[in-house]
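Basis for what follows: all heavy atoms, side chains included, without hydrogens, waters or symmetry-related copies. As the structure is a prediction and not an experimental result, all values here were calculated from the model.
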Amino acid sequence: MAKTVKKGASKEPVTRDYTVHLHKHMQKIAFKKRAPRAVRVIRQFAARVMTTKDIRIDTKLNKFLWSNGIRNVPRRVRVRFSRKRNEDEDAKEKMYTLVQHVPVESFKNLQTETVRDE
């Protein structure tokens, strides 16, 4: 059966919360490459689910990923992806994705949620 490709994927501004399981991406990765790989994994995940090439990672998320050092990356992270319009007129992409950290007590029973923009 052939894959159907969405041609008119909606490019409207939207905000969603996701849990990214970083531990499964850190298997067999050298210690000195783990935190940079975690940043890259989040960037790739955001590009896939939000269908934008321009991904901007918030400094608080970066600090959280690096909080235990380069070797000991947190196993999971709750992130908020916000697809926004690019204000810059001469930008290549019309939309960009801002990735922010959402602190949570526990990751139990968390689902992907669409967040209402104020």
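In this structure, Val20 is not a member of the same hydrophobic cluster as Leu110, with clusters built from ILVMFWY side-chain heavy atoms closer than 4.5 Å. Linking ILVMFWY side-chain heavy atoms closer than 4.5 Å, directly or via other members, places Ile42 and Ile29 in two distinct hydrophobic clusters. Cluster annotation: Val104 and Val77 are assigned to distinct hydrophobic clusters (Ile/Leu/Val/Met/Phe/Trp/Tyr, side-chain heavy-atom contacts under 4.5 Å, transitive).
Looking at Asn86, its side chain never comes within 3.5 Å of a backbone N or O of Met95 through a donor-acceptor pair. Side-chain atoms of Arg76 never come within 3.5 Å of backbone atoms of Leu22 as a donor-acceptor pair (strictly under, hydrogens ignored). Side-chain N or O atoms of Lys11 include none that pairs as donor or acceptor with a backbone N or O of Arg83 at under 3.5 Å.
Contact annotation: the side chain of Arg80 approaches that of Val115 to within less than 4.5 Å [non-hydrogen atoms, C-beta and beyond]. Between Asp17 and Thr112 there is no side-chain heavy-atom pair separated by less than 4.5 Å. Arg85 places a side-chain heavy atom less than 4.5 Å from the side chain of Pro13.
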Using distance only, find each side-chain donor-acceptor pair of residues 59-71 under 3.5 Å and give its atom names and separation, not counting sequence neighbours.
residue, atom, partner, partner atom, Å
Asn62, OD1, Trp66, NE1, 3.4
Ser67, OG, Phe64, O, 2.8
Asn68, ND2, Asn72, O, 3.3

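The CD atom of Glu113 sits 12.5 Å away from the OG1 atom of Thr15 when rounded to the nearest 0.5 Å. Atom NE2 of His101 is separated from atom CD1 of Ile57 by 12.5 Å, given to the nearest 0.5 angstrom. With rounding to the nearest 0.5 Å, the separation of CZ in Phe81 from CD in Gln100 is 11.0 Å. How far CZ of Arg75 is from NE2 of His21: 7.0 Å, rounded to the nearest 0.5 Å.
Tyr96 belongs to a hydrophobic cluster with Leu98, counting contacts under 4.5 Å between side-chain heavy atoms of Ile, Leu, Val, Met, Phe, Trp and Tyr, direct or through other members.
With salt bridges taken as basic N to acidic carboxylate O contacts below 4.0 Å, one links Asp54 and Arg56.
Shown here is Gln27, whose CD atom has more than 12 heavy atoms of other residues, nucleotides or ligands within 6.0 Å.
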Between Ile55 and Val99, does a side-chain contact (heavy atoms from CB on, under 4.5 Å) hold up when you go through it step by step?
CA-CA 7 Å; Ile55 310 293; Val99 185; 3.7 Å; yes
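Across all their heavy atoms, Met50 and Val14 have their closest contact at CE-O, 3.8 Å.
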